[in-house]
Amino acid sequence: DVQLQASGGGLVQAGGSQRLSCAASGFTFDDYAIGWFRQAPGKEHEGISCISSSDGSTYYADSVKGRFTISSDNAKNTVYLQMDSLKPEDTAVYYCTALRYGSGWYWAAGDYYGMDYWGKGTLVTVSS
């Protein structure tokens with residue numbers, strides 16, 4: 001079975017840090033770009049970051065560039081999103097997604113429903 005198991009959400013104060021993990025199984029990890037969308041209450045899904053498992057190329061939305069860092073441990077089939085300098089506007093449900101032979105273009109386009117696989121969301125709440 002295909003699984004994207006996201007973890008690491010929770011409550012954090014503004015200015016703090018949080019690390020999300022996405023453990024993938026059931027598909028060929030190296031063939032996929034894996035990344036994160038987030039959805040704040042009343043808003044559309046926003047593609048914020050992704051990484052290509054084959055060549056390590058990355059994408060960041062302007063809203064998180066310079067504060068978030070995505071990385072991949074191919075030996076563990078796991079992608080991490082290190083979130084620093086968190087702001088209240090980062091509060092959202094974060095979803096791990098995967099797209100075969102994908103690129104940052106799809107996350108930049110906000111193409112959440114065009115992904116191949118989705119994990120359950122994990123809530124990140126940033127208090128002011």
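No side-chain donor from either of Q3 and D1 sits under 3.5 Å from a side-chain acceptor of the other. Using a 3.5 Å distance cut-off with no hydrogens or angles, the side chains of D84 and S17 do pair a donor with an acceptor.
For the atom pair CE (M115) and SG (C50), the distance works out to 8.0 Å, reported to the nearest 0.5 Å. In this structure, OH in Y117 is found 13.0 Å from SG in C22, a value given to the nearest 0.5 Å. Separation of atoms OH (Y106) and CG (L99) is listed at 6.0 Å; rounding is to 0.5 Å.
In terms of heavy-atom proximity, V2 sits nearest to F27 at CG1-CD2, 3.7 Å. Of all heavy-atom pairs spanning A40 and A92, the tightest one is N-CB, 3.8 Å.
Counted within 6.0 Å of CD on Q5, heavy atoms from surrounding residues, nucleotides or ligands total 12 or fewer; the atom is thus considered open.
Aromatic ring centres of Y101 and Y32: separated by at least 6.0 Å. A distance of 6.0 Å or more separates the ring centres of Y95 and F37.
Taking the six-membered ring where tryptophan is involved, the planes of F68 and Y94 are tilted, since the angle between them lies from 30° to 60°.
A donor-acceptor contact shorter than 3.5 Å is absent between the side chain of Q13 and the backbone of S128. S52 places no side-chain N or O within donor-acceptor distance of the main-chain N or O of A33, the cut-off being under 3.5 Å.
Taking 4.0 Å as the cut-off between side-chain N and carboxylate O, D90 and K87 do not count as a salt-bridged pair.
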